[in-house]
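A quick note: this is a predicted structure, and the numbers were derived from the prediction, not measured. Chain letters run A, B, ... following the sequence lines, proteins first, then strands; residues in each count from 1.
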Number of protein chains: 2
Amino acid sequence: MGRNSRKEEILHAASKVVSDKGIFNLTLDATAKEAGISKGGLLYHYPSKEALVQGMVEHLANNYREKIANNAASDPIDQGKWVRAYVDVTFNQAYQNKDMHYGLLAAKAVSSNSLDPIRELYSDWQHEIEHDGIDPIKATIIRLATDGIWLNELFDIYHIEEDKKQAVYQKLKDWANEPDE
Amino acid sequence: MGRNSRKEEILHAASKVVSDKGIFNLTLDATAKEAGISKGGLLYHYPSKEALVQGMVEHLANNYREKIANNAASDPIDQGKWVRAYVDVTFNQAYQNKDMHYGLLAAKAVSSNSLDPIRELYSDWQHEIEHDGIDPIKATIIRLATDGIWLNELFDIYHIEEDKKQAVYQKLKDWANEPDE
DNA sequence: GAAAGTATACCGTCCAGATAGTATAGTAAA
DNA sequence: TTTACTATACTATCTGGACGGTATACTTTC
């Protein structure tokens, strides 16, 4: 733990700064203060602001990829397993460390390449989802609707009510269980 | 035209700066240069950066609201007209001045209240969509999937291919035409 | 086993450059 | 004469990041 968790603490602190104060206030000073270390210490771990944001994105991408892969692997039914995994993890697990999503906001703000790991991730998932044994367009719509929820929340445009969210979740999962039409 | 279009030109220039150089480079200098006016002239129209961003968001919200309201009003069939209007406009019209969406990015970066007009807009639409004569959960999913497309593009996470986009569009419209289940 | 060296993990200060916003003097046109 | 600007100069503040130092633990060498 000791060795690695320090860097994670910093990433978490950076996310919190973005979440609390917005992207423009994601500064090295603020991050260091939030993480309880000095600016010098922060720069020891992440030698530039860009490296810090890169770290946020990579951490997020790795976590997410692993979760969904595990979920898909443990699904007893082959047909639709990737779609279900995507829906399940995004609805139920990703919200627990939602603050990590703020890494995306930061990445979008800092530079365009820093989003590369995310683009690759979604490109891979899209491929799995389209070859998942269910109608690829329907599968894509399920994916897009799922994205719609978390992107709306991330952007602070529309926050779906909990009961409505559950109803949407159920319907999307039902669709993911129907065979090819 | 003369009086009002100057302000619009400035808003457009600001969007272009965000689109080309990212949120962090949306500066007053860069916006003025892009709009072909002096910094003093820019500040004459928008006395602060926040006012500029506010202008971007309000202009975007007004345009969007009007387009969808018109589309819904001219739909011969009552049932599902708001859902269809939302899907139609977002898929077909909003992409033409896509750069305006960058106002959202800027607003998200600058301050949280500047997104208020957008939040109100979406809150109103969500209400219409849920009372549109079709299953409200299904209607919400259609809305979310539509959001998924443009938010993914705005965020630069996933760009759907044109033919796939058309197929999704068709299926969503079909669903919006089916009666209540 | 002491001395010397090396790696890791920080701290705190300093500075150049960028930026928002102000001020001001002047211009053109309606 | 008011409106709609241009052009330039200036201030105050913030920020990234470089840098020099410190503390500790481990390793090598004699």
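- Look at OH on A/Y44: it is 18 Å from C1' on C/dG12, rounded to the nearest Å.
- Checking side-chain atoms of B/S74 against main-chain N and O of B/N71 turns up a donor-acceptor pair under 3.5 Å.
- A single hydrophobic cluster is not seen to contain both B/Y44 and B/L11; linkage of ILVMFWY side chains at heavy-atom distances under 4.5 Å, directly or through other members, places them apart.
- Summarising the geometry, the separation between NE2 on B/H45 and P on D/dT3 is reported as 13 Å, rounded to the nearest angstrom.
- Regarding contacts with the backbone of C/dC10, a side-chain N or O of A/R6 is found under 4.0 angstrom from either OP1 or OP2.
- Annotation: side chain to side chain donor-acceptor pair (under 3.5 Å) contacts of A/N113 (sequence neighbours excluded): none.
- The side chain to side chain donor-acceptor pair (under 3.5 Å) check on A/Y46 picks up nothing, with sequence neighbours excluded.
- Qualifying side chain to side chain donor-acceptor pair (under 3.5 Å) partners for B/K173, counting only residues two or more places apart in sequence or in other chains: B/D88.
- A cation-pi arrangement is present between B/R143 and A/Y158 under the rule of less than 6.0 angstrom and at most 45 degrees off the ring axis.
- As a whole-Å value, the separation of B/I37 CD1 from D/dT8 P is 15 Å.
- In this structure, A/D163 has no side chain to side chain donor-acceptor pair (under 3.5 Å) partners at least two apart in sequence or on a different chain.
- Rotation axes derived from the C1' atoms of the five outermost pairs at either end of the helix from C/dG1-D/dC30 to C/dA30-D/dT1 lie 20° apart, to the nearest 10°.
- Atom C1' of nucleotide D/dT15 and atom CG of B/N25 are separated by 14 Å, given to the nearest angstrom.
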Chi angles and distances behind the side chain to side chain donor-acceptor pair (under 3.5 Å) call for B/E162, B/Q166: CA-CA 6 Å; B/E162 188 56 34; B/Q166 287 306 319; 3.2 Å; yes

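- Not one N or O on the side chain of A/S123 forms a donor-acceptor pair closer than 3.5 Å with the backbone of A/R119.
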Can you name the atoms? Protein N/O to nucleotides 20-26 of chain C N/O, anything below 3.5 Å, with the distance.
{"from": "C/dA20", "atom 1": "OP1", "to": "B/K49", "atom 2": "NZ", "distance (Å)": "3.0"}
{"from": "C/dA20", "atom 1": "OP2", "to": "B/L28", "atom 2": "N", "distance (Å)": "3.2"}
{"from": "C/dA20", "atom 1": "N7", "to": "B/K39", "atom 2": "NZ", "distance (Å)": "3.4"}
{"from": "C/dG21", "atom 1": "OP2", "to": "B/K49", "atom 2": "N", "distance (Å)": "2.8"}
{"from": "C/dG21", "atom 1": "N7", "to": "B/K39", "atom 2": "NZ", "distance (Å)": "2.9"}
{"from": "C/dG21", "atom 1": "O6", "to": "B/K39", "atom 2": "NZ", "distance (Å)": "3.1"}

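- The distance between atom OH of B/Y46 and atom C1' of D/dA4, rounded to the nearest whole Å, is 14 Å.
- Atom CG in A/L42 sits roughly 16 Å away from atom C1' in C/dT13 (whole-Å rounding).
- Put simply, CD on B/E9 is 15 Å from P on D/dA4, counting in whole angstrom units.
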